[in-house]
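Take a look at the structure set out below.
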Amino acid sequence: MNSPDQPLPAFDEVLLCTPQTTAEQVGLFLRRCLIPCSRGEKIYTMLYADELSYDVSCRAEELFQHLQHHSSAYRLIILCDCEREHSYIPSVFSQYKVHMIPQRPLAEIQQYLQHHYRVVKPLGSAASVFKDNMCVGIVSSKRAGVGK
């Protein structure tokens, strides 16, 4: 985010973990990250790794320990909820833990995201529905189940 021209992460650089995420999905992601190839300067990110099941977490740790010997030049970020820091993955990688606070003001972060998510020519695009021709949007309600 140092420059507005820096791209957002590609689909292969991010794994959004849920309790239903399988060991195979985590394995493919870790192989992409840790096996040396012509991957360029990608930064791989596991989001909500604390939500992985115990079995999947154990298998992910084993695979990580095995694959990290292939390359020491990987870039991997594991983001977890601080409320769940005692779950398996945050505990295993606790020696690398860094508490992060966004270094940029919220307005600057929003401006960066708007730059990347704005559709230039919204004709015939669903982006015309959202404010400022954005191709993504968040619809929320204070009341549950009211047709979002």
Is there a side chain to side chain contact (heavy atoms under 4.5 Å, CB included) between V56 and T22? Walk through the geometry before answering.
CA-CA 6 Å; V56 171; T22 65; 5.6 Å; no
Start with the C-alpha distance between T45 and L15, add both sets of side-chain angles, then the distance that settles side chain to side chain contact (heavy atoms under 4.5 Å, CB included), and finish with yes or no.
CA-CA 6 Å; T45 307; L15 179 63; over 6 Å; no
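The environment of NE2 in H115 is crowded: more than 12 heavy-atom neighbours from other residues, nucleotides or ligands sit within 6.0 Å.
Using a 4.5 Å heavy-atom threshold, the side chains of D50 and E83 count as separate. Side-chain atoms of E61 and Y88, non-hydrogen and from C-beta on, do get closer than 4.5 Å to each other. Contact check for L8 versus L113: side-chain heavy atoms found under the 4.5 Å cut-off. Contact check for P19 versus S53: no side-chain heavy atoms found under the 4.5 Å cut-off. Proximity of R84 to P90: side-chain heavy atoms (C-beta onward) are nowhere separated by under 4.5 Å. Taking 4.5 Å as the limit, some side-chain heavy atom of Y48 sits within range of a side-chain heavy atom of L16. Residues F64 and I78 fail the side-chain proximity criterion, which asks for heavy atoms closer than 4.5 Å. Residues V14 and M46 are not in side-chain contact: their nearest non-hydrogen atoms beyond the backbone lie 4.5 Å or more apart.
No side-chain donor-acceptor contact under 3.5 Å links E13 to the backbone of K42.
Of the inter-residue distances, the one linking Q111 atom CD with I109 atom CD1 reads 11.5 Å to the nearest 0.5 angstrom. Taking CG from L67 and CG from L63, the interatomic distance works out to 4.0 Å, rounded to the nearest 0.5 Å. Considering OG1 of T21 and CG of L47, their distance stands at 10.5 Å, rounded to 0.5 Å. Atom OH of Y96 and atom CG of L76 lie 11.0 Å apart (nearest 0.5 Å). Note: C80 SG to L52 CG = 8.5 Å, rounded to the nearest 0.5 Å. Taking OH of Y74 as the start and OH of Y44 as the end, the distance is 13.5 Å to the nearest 0.5 Å.
The nearest pair of heavy atoms linking C33 to R75 is SG-O, 3.9 Å.
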